[in-house]
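What follows is a short report on a single structure.
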2 protein chains.
Amino acid sequence: MAASKPLNALDGDPVAVESLLRDVFGIVVDEAIRKGTSASEKVCEWKEPEELKHLLDLELQSQGESQEQILERCRAVIHYSVKTGHPRFFNQLFSGLDPHALAGRIITESLNTSQYTYEIAPVFVLMEEEVLKKLRALVGWNSGDGVFCPGGSISNMYAMNLARYQRYPDCKQRGLRALPPLALFTSKECHYSISKGAAFLGLGTDSVRVVKADERGKMIPEDLERQISLAEAEGSVPFLVSTTSGTTVLGAFDPLDAIADVCQRHGLWLHVDAAWGGSVLLSRTHRHLLDGIQRADSVAWNPHKLLGAGLQCSALLLRDTSNLLKRCHGSQASYLFQQDKFYDVALDTGDKVVQCGRRVDCLKLWLMWKAQGGQGLERRIDQAFALTRYLVEEIKKREGFELVMEPEFVNVCFWFVPPSLRGKKESPDYSKRLSQVKLCQAKRGEKVLRMKA
Amino acid sequence: MAASKPLNALDGDPVAVESLLRDVFGIVVDEAIRKGTSASEKVCEWKEPEELKHLLDLELQSQGESQEQILERCRAVIHYSVKTGHPRFFNQLFSGLDPHALAGRIITESLNTSQYTYEIAPVFVLMEEEVLKKLRALVGWNSGDGVFCPGGSISNMYAMNLARYQRYPDCKQRGLRALPPLALFTSKECHYSISKGAAFLGLGTDSVRVVKADERGKMIPEDLERQISLAEAEGSVPFLVSTTSGTTVLGAFDPLDAIADVCQRHGLWLHVDAAWGGSVLLSRTHRHLLDGIQRADSVAWNPHKLLGAGLQCSALLLRDTSNLLKRCHGSQASYLFQQDKFYDVALDTGDKVVQCGRRVDCLKLWLMWKAQGGQGLERRIDQAFALTRYLVEEIKKREGFELVMEPEFVNVCFWFVPPSLRGKKESPDYSKRLSQVKLCQAKRGEKVLRMKA
């Protein structure tokens, strides 16, 4: 009977499936890997949006296309995409191509499962636990909890939600209206996800109190004290301080120990947004930048950034051992988290999160770590710092380049002073004109310069 | 100088990189694709957690491992994982292996970019727009907005946040304390993400008013009316009705037209959680199940479920044309969304979301659609309905199986009545004893049975 034919595509023909995938993989290796990481090729074949639309022929039709057409489309997609693994790609807080991480990602995709229960993801439930344990150990905790989230912004939101729930468990059921007005504190150099999170969680952006940063972009603990008093005087209840280890633009590390003292005095949850800087914990030479992190209640750390594990890989780490994550987010859906399974249901981690299905984000990091070892990853971090020094020295030597500050991390901020402005620092429109030449960040210690008009 | 060596792994040796990836891809094809989809192989090589831990040797060490060891690890990861593309895999709302979708996912991973700006994802910004347009057209809208989210739960949360923002834009800045108590409505058969979302967004689970469902699991519009009056009488302000098209357990479709009438009368945002059932819109024969969906304000639709696009692919679709998404979620981060770029910055979609980096989720669906065409996808949906009929008829024929109800979608709920209980419906502990044999769902019209003790 026709209706009992399996539902596989390509009429379930395994030879055709394999042949397609082999062809596509060949294209990936040629275009994305070989050319995509070759310095003699372009980072991007840039096209204006209208032209690119025309070239790609994106419209979805009723009729399917031939295998040949599909392979041509795969080539075009790669051809016109930005090669983020290219050695001249500097635009973002991620770059490079780690082959082991990519291998892990391809396996993840081929297995296509969700991280929520042991029965559906036995390997990955255990692996996530192990990877989180390792990351926690680097923070300085030999117990705790955690979970991989779809990006650092959501990891930061989790921290906010956990902090308010811990203080006011009622909030989950009765909502914020049942609570006094809350205040959280972060520096003006923090990531924009803090205010986005406050809005999304119903706290409102007004609940975010901005603490002053010093000239290097670090939160000033004395101003934090002042802001806490101010908020209290205005009738708000402080509940959370969100610090940053590796700010987005300047690469600054907030002084965690001094801030932890403040949090301790006031009984506040200490969150560290180490999405960018967390990977420095792997370097014995540089991890002092995060001194005090072991005193935090929560840490957000994105191995997809400095470690190059691949988008997305964002860990939220918790010092908590009271099952706060599950109590805060759980809803005990009976169709998924049955309590009478034939294994320990504590392994069903799905109720720790606000997602239902959740991607497997641990394998790429685990496999890379197994291949490189902690030592190999440490060498990479140290090398990024070394390259940063190299760039800084080059900038100092070169006419027309002006360092904004000596970096302590791998963000190098500098001005390019065009010939027309050199030696004219005293002229009244100098700053304005200089700022029309774009300020750039250089990541991973490489040089970058984009100019506009 | 040593420090200027590129930071690639495997010492940046492109031959070694290619060779590793080719080996891994060979393993993926052999283990995950060929064996993983063969009915003569196991769906899962089941191990108890402790034994599996031992077998996998998960611990992360200082020392890296040899290429050979790494390949062995790749084999083990696949070997002990559940093969969700296997023809006998029935556990979840996703299954099957579409080779074109997988091809798209492998390309996505190899390009490793974020969806937030045109300069970093030119192809995918345009492609996402096109895919969303196509999905909106199937809903019945020739304009609107939308975005891919990391799963249906977060898509549903977005709908809640947009609905409250549209009504009370103040909420973003001032938070929920500045608003009257809000109430949202959903049926008792809805997905658990609605109450999780209410908690996360600070509304509290109490704000979720549960509307009765009929014996088939469909929301009863008259009870919705009653619940709205009740909430108003208690001093709450109704703002959102969240309906479900394809409930998780029974596969029920709420009567959207009748509910849209209620929403219209009361000025409420109508959200349709069509994460599971949305793909039925592709079938001319069965799309009547979603009649009225064009009257919704927002729709969540997960092509990673019934269409098999791969985890995760969840679209939030909006009828809005007033840029609500960006106004509600935007924070105009100046380091990322500069307004003086050399292209139309409306293409920078990153400020529509609460994430910062966001995975590319459109390519897998786009490539599958290009290969199958709308007609090919329609055939799959129709075939799933046909297989459902087949299963239902088989169940009716077989002793010891009892249908819970005639399905209208592809969820088939039935009881297995063990020999000891047959013909004993009248005995007082019949229900209790029967329920100890697990109630199962059969998805995609296939048979499934798990028994316990």
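Only heavy atoms go into these numbers, but all of them, side chains included; no hydrogens, no water, no symmetry mates. Nothing here was measured: the structure is a model prediction, and the numbers come from that model.
Taking a cutoff of 4.0 Å between a charged side-chain nitrogen and a carboxylate oxygen, A/Lys47 and B/Glu119 do not qualify as a salt bridge.
Put simply, the side chain of A/Asp206 never gets that close to the backbone of B/Gly175: no donor and acceptor are under 3.5 Å apart. In this structure a side-chain-to-backbone donor-acceptor pair under 3.5 Å is present from B/Thr84 to A/Leu111. Of the possible donor and acceptor atoms, none in the side chain of B/Ser110 sits under 3.5 Å from a partner among the backbone N and O of A/Val28. Looking only at distances, a side-chain donor or acceptor of B/Arg177 sits under 3.5 Å from a matching main-chain atom of A/Leu179. At distances below 3.5 Å, not a single donor-acceptor pair connects side-chain atoms of A/Lys172 with backbone N or O atoms of B/Ala199. Side-chain N or O atoms of B/Glu109 include none that pairs as donor or acceptor with a backbone N or O of A/Glu109 at under 3.5 Å.
For B/Ile154, the part lying near chain A is the side chain, with the backbone staying farther off; criterion is any non-hydrogen pair under 4.5 Å.
Under the rule for a salt bridge (Lys or Arg N to Asp or Glu O under 4.0 Å), the partners of A/Arg73 that lie at least two apart in sequence or sit in another chain are A/Asp57, A/Glu65. Under the salt bridge (Lys or Arg N to Asp or Glu O under 4.0 Å) criterion, A/Asp170 pairs with A/Arg174, not counting sequence neighbours.
Classified by interplanar angle (parallel below 30°, tilted 30° to 60°, perpendicular above 60°), the ring pair A/Trp46/B/Tyr343 is tilted.
For the atom pair CD (B/Gln372) and CD1 (A/Ile70), the distance works out to 9.0 Å, reported to the nearest 0.5 Å.
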Given salt bridge (charged side-chain N to carboxylate O under 4.0 Å, His left out), test B/Lys370 with A/Glu59 step by step and report yes or no. CA-CA 8 Å; B/Lys370 278 284 189 191; A/Glu59 209 186 328; over 6 Å; no
A/Val29 vs B/Phe25, side-chain contact (heavy atoms from CB on, under 4.5 Å): CA-CA, chis, key distance, verdict: CA-CA 11 Å; A/Val29 167; B/Phe25 189 72; over 6 Å; no
